[in-house]
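Each remark here refers to the structure printed beneath this line.
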Protein chains: 2
Amino acid sequence: MSKFWSEITKSIEPYVPGEQPKDKKYIKLNTNENPYPPSPKVLEAIKNAANGDLRLYPDPNCDELRETVAEYYGLNKNQIFIGNGSDEVLAFSFQAFFNPDSAIVFPDISYSFYPVYADLYNIKYRLAKLTEDFSIPVDEFLTKNGGVVIPNPNAPTAKYLDVDAIKKILDYNSEKVVIIDEAYIDFGGTSVVNLIKDYPNLLVVQTLSKSRSLAGIRIGFALGQEDLIQGLDRIKNSFNSYTIDRVASAAAVAAFKDVEYFKETTARIVNTRELVTEKLTALGFKVIPSKANFVFAAHESYSGEEIFKRLRDKGILVRYFNKERINNFLRISIGSEEEMDVFIEKAKEVINEIKNA
Amino acid sequence: MSKFWSEITKSIEPYVPGEQPKDKKYIKLNTNENPYPPSPKVLEAIKNAANGDLRLYPDPNCDELRETVAEYYGLNKNQIFIGNGSDEVLAFSFQAFFNPDSAIVFPDISYSFYPVYADLYNIKYRLAKLTEDFSIPVDEFLTKNGGVVIPNPNAPTAKYLDVDAIKKILDYNSEKVVIIDEAYIDFGGTSVVNLIKDYPNLLVVQTLSKSRSLAGIRIGFALGQEDLIQGLDRIKNSFNSYTIDRVASAAAVAAFKDVEYFKETTARIVNTRELVTEKLTALGFKVIPSKANFVFAAHESYSGEEIFKRLRDKGILVRYFNKERINNFLRISIGSEEEMDVFIEKAKEVINEIKNA
């Protein structure tokens with residue numbers, strides 16, 4: 001604690017991302033990264049952007065990238081906001097649409113950055129308790145509030161909420177912004193992006209970090225009707241005029257244009273996920289049906305923390321949250337077929353070790 | 001105005017960056033970009049970073065880049081904070097160190113983003129009026145306040161404040177954070193970075209956008225004692241874990257390591273600036289002595305706005321601020337020798353046109 005810190009700096013509890021240990025080589029299944037490299041066209045675009053024009057500021061409005069995303073989704077570019085990762089987009093959204101004194105609602109088990117954003121901007125919040133089977137409790141969102149945030153599929157549960165349920169929430173909260181955080185939507189769920197024309201209160205947030213293999217580049221975006229996008233622009237332009245650099249922008253445009261590569265790699269991950277789910281079930285794990293690039297699983301007999309630690313010793317990193325209700329679960333990112341074969345093999349070993357201990 | 005906007009979104013007046021017109025090819029002397037491309041080693045580093053690792057998140061702590069900057073300045077890496085452009089670093093700094101109810105002080109004629117940050121975080125501020133010759137009024141900062149922000153050299157005046165004057169301000173404000181924004185320090189001024197060891201209240205902010213020809217990449221940084229850097233980390237980690245992408249980080253490391261290229265290009269700009277100052281003076285301009293990569297100049301007989309408009313018609317973009325006290329001035333970025341020859345020639349034409357009109 002320093003006397004120079006502002007009150008907010010003193011009081012906040014920052015988010016802690018998944019560990020990135022450097023002590024040895026791990027099979028990294030702990031931060032939901034894509035096991036496949038970005039499209040070769042993306043790498044080419046980056047190389048082409050490495051030129052003398054980098055001395056110049058980028059386009060503060062990201063026109064080319066917004067046009068590309070708009071075309072992909074059948075929207076117009078004024079319905080697109082681009083940010084430095086979807087985390088930045090979410091932070092701006094909290095500040096742009098939520099007021100301190102009107103409590104917003106999000107699930108109790110969810111992306112643990114949401115309460116941090118709320119605290120950063122002094123916004124009150126209420127936690128909607130997931131049902132026994134980790135479903136989103138729709139009724140909890142049909143009550144007076146200052147706004148709604150729902151990740152779909154949810155993280156870390158991987159559980160998906162269908163479009164009709166989201167419609168119900170949008171209908172009830174017609175005067176408040178409802179943020180649907182679709183970071184993981186491309187792995188089998190249906191995006192609510194088609195509802196934008198009917199729901200002025202809907203803001204959809206997505207990212208290139210997962211399904212487009214670009215966690216290392218930092219591009220996220222929001223989709224919504226024009227006045228919501230203008231609200232985000234107002235906050236962004238009061239914070240940093242140029243959030244997206246020339247290279248990242250070129251990479252993102254190329255990623256969106258290579259639809260074939262995107263379809264192929266996401267399909268492969270979905271396929272691996274289904275195989276891993278079967279194999280984990282056979283090993284005695286309860287696996288929550290997943291529409292994401294990870295699975296959330298608990299063993300029926302043995303401690304999640306114990307399995308987590310033993311996997312780590314064997315060079316496999318998964319994510320473990322020491323939190324009420326989920327402290328027996330592991331969140332396991334879907335790696336390549338080869339990585340997941342090693343993972344299943346090591347999981348088998350670990351379970352036998354615990355059984356025989 | 002939208003009913004979905006938060007109170008802050010409704011009330012703020014966003015910053016407006018210098019125009020980036022696309023209607024025709026201009027000689028762009030309006031956003032203080034560097035006329036020389038980034039070091040060839042930077043472009044090489046970007047190409048090398050275009051690989052499959054982009055599927056992975058970057059290092060959230062920017063260790064390699066912090067170590068590189070620390071080595072350059074003889075500091076340790078825990079005294080360095082990296083941000084997505086110095087605008088982001090400044091925004092975080094306002095939130096990290098200033099409280100709403102204790103008015104901070106910055107110059108009345110200065111970087112026009114400061115009042116925007118203050119409004120974004122509801123921080124009160126007081127403007128210190130520059131003296132008649134646009135000097136920073138040191139005494140105005142030796143009064144009770146909630147913190148201090150001074151750009152050195154100042155923008156858009158280009159005027160430099162010497163180290164002793166800054167020491168006086170640091171001594172008086174020992175309980176408050178004093179931000180010295182050194183975006184333009186590498187063009188002939190002396191950085192106060194050496195004062196960091198003696199002043200726990202000093203935060204120095206710099207950027208790679210100007211002197212390192214990387215406006216297109218977005219890297220800024222802050223230097224200060226460890227508890228100030230920790231304060232910035234707390235805010236950043238409550239906003240976005242990964243603000244710096246892998247490619248930008250590699251580019252910035254390479255830029256800092258190519259000291260020779262940096263020295264050569266900045267010296268060239270300083271040299272051109274002195275020649276341009278002479279030539280403008282000969283044309284009847286009053287030019288404020290500059291330690292930046294731009295000059296601030298007013299013609300003794302003719303209107304700044306008129307000259308601005310006519311230059312624009314001739315394909316030369318400079319920056320004009322329609323603001324009290326400076327509405328007869330032009331801010332002219334220093335381009336290459338060739339660009340400035342064209343600029344001087346066109347300025348001559350414009351003055352003759354006005355004279356003969």
Side-chain angles (χ1 to χ4, degrees), chain A residues 2-9 12 14-15 17 20 31 33-34 36-38 43 46-47 50-60 84-85 87-88 91 95-99 116 120 175 177 201 213-218 227-228 231 234-235 237-243 245-248, chain B residues 2-9 12 14-15 17 20 31 33-34 36-38 43 46-47 50-60 84-85 87-88 91 95-99 116 120 175 177 201 213-218 227-228 231 234-235 237-243 245-248:
Chain A
S2 158
K3 67 178 174 185
F4 295 115
W5 293 0
S6 67
E7 293 308 317
I8 187 78
T9 306
I12 43 170
Y15 175 77
Q20 312 266 13
T31 50
E33 289 149 333
N34 196 308
Y36 304 111
L43 303 183
I46 293 174
K47 287 177 187 158
N51 63 48
D53 282 352
L54 293 179
R55 73 181 181 84
L56 301 170
Y57 282 100
D59 173 6
N84 184 30
D87 281 346
E88 183 179 85
Q95 200 177 13
F97 306 121
F98 302 149
N99 282 310
V116 181
L120 185 67
E175 299 300 303
V177 174
N201 57 332
S213 302
L214 280 175
I217 277 290
R218 322 305 308 126
D227 60 332
L228 294 190
R234 288 177 69 83
I235 295 292
N237 288 324
S238 303
F239 175 86
N240 185 358
S241 308
Y242 307 98
T243 51
D245 76 52
R246 287 175 172 264
V247 176
Chain B
S2 158
K3 67 176 174 184
F4 294 115
W5 293 359
S6 67
E7 293 309 317
I8 187 77
T9 306
I12 45 170
Y15 175 78
Q20 312 267 13
T31 50
E33 290 149 333
N34 196 308
Y36 305 111
L43 303 183
I46 293 174
K47 286 176 187 157
N51 63 49
D53 282 352
L54 293 179
R55 72 180 182 82
L56 301 170
Y57 282 100
D59 173 7
N84 185 32
D87 282 347
E88 184 180 86
Q95 201 177 13
F97 306 120
F98 302 149
N99 282 310
V116 181
L120 185 66
E175 299 300 302
V177 173
N201 58 330
S213 301
L214 280 175
I217 276 291
R218 321 305 309 123
D227 60 331
L228 294 190
R234 288 177 70 83
I235 294 292
N237 288 325
S238 302
F239 175 85
N240 186 358
S241 308
Y242 307 97
T243 51
D245 76 52
R246 287 175 171 263
V247 176

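- Looking only at heavy-atom pairs under 4.5 Å with chain A, the residue among B:P37, B:G85, B:A50 that has the most is B:A50.
- Scored by the salt bridge (Lys or Arg N to Asp or Glu O under 4.0 Å) test, B:E88 finds no partners at all (sequence neighbours excluded).
- Here the side chain of A:S213 pairs no donor or acceptor atom with the backbone of B:R55 at under 3.5 angstrom.
- Counting heavy atoms from C-beta outward, A:L54 and B:L43 have side chains that approach closer than 4.5 Å.
- Interface check for chain A: of the options B:N201, B:V177, B:I46, B:I217, the most heavy-atom pairs under 4.5 Å are formed by B:I217.
- For A:N51, the part sitting under 4.5 Å from any heavy atom of chain B is the backbone (N, CA, C, O) and nothing else.
- If you measure heavy-atom distances from A:F98 to chain B, the contacts under 4.5 Å come from the backbone alone.
- To the nearest 0.5 Å, atom CD1 of residue A:I12 and atom CZ of residue B:F239 are 12.0 Å apart.
- Remark: A:F97 engages no residue in a ring pair (Phe, Tyr, Trp, His ring centres under 6.0 Å) (not counting sequence neighbours).
- Ranked by heavy-atom pairs under 4.5 Å with chain B, the first of A:P17, A:P14, A:P58, A:A91 is A:P14.
- A distance of 4.5 Å separates CH2 of A:W5 from CZ of B:R234, quoted to the nearest 0.5 Å.
- For A:P60, the part lying under 4.5 angstrom from a heavy atom of chain B is the side chain only.
- The residue among B:S241, B:S238, B:G231, B:A248 with the most heavy atom pairs within less than 4.5 Å of chain A is B:S238.
- Taking CG of A:L214 as the reference point, atom CG of B:L56 lies at 11.0 Å (rounded to 0.5 Å).
- Distance check, rounded to the nearest 0.5 Å: OH of A:Y242 to OG1 of B:T31 gives 6.0 Å.
- Taken to the nearest 0.5 Å, the CD1 atom of A:I8 stands 9.5 Å off from the CG atom of B:N99.
- The two residues B:T9 and A:A96 come nearest to each other via the heavy atoms OG1-O, 2.8 Å.
- Between B:Q95 and A:S6, the shortest heavy-atom contact is O-OG, 2.7 Å.
- Using a 4.5 Å heavy-atom threshold, the side chains of A:D245 and B:D245 count as touching.
- Taking 4.5 Å as the limit, every side-chain heavy atom of B:V116 sits out of range of all side-chain heavy atoms of A:N237.
- Under the 3.5 Å distance criterion, the side-chain polar atoms of B:N240 are matched with a main-chain donor or acceptor of A:N84.
- Residue contact with chain A, scored on non-hydrogen atoms closer than 4.5 Å, involves the backbone and the side chain of B:F4 alike.
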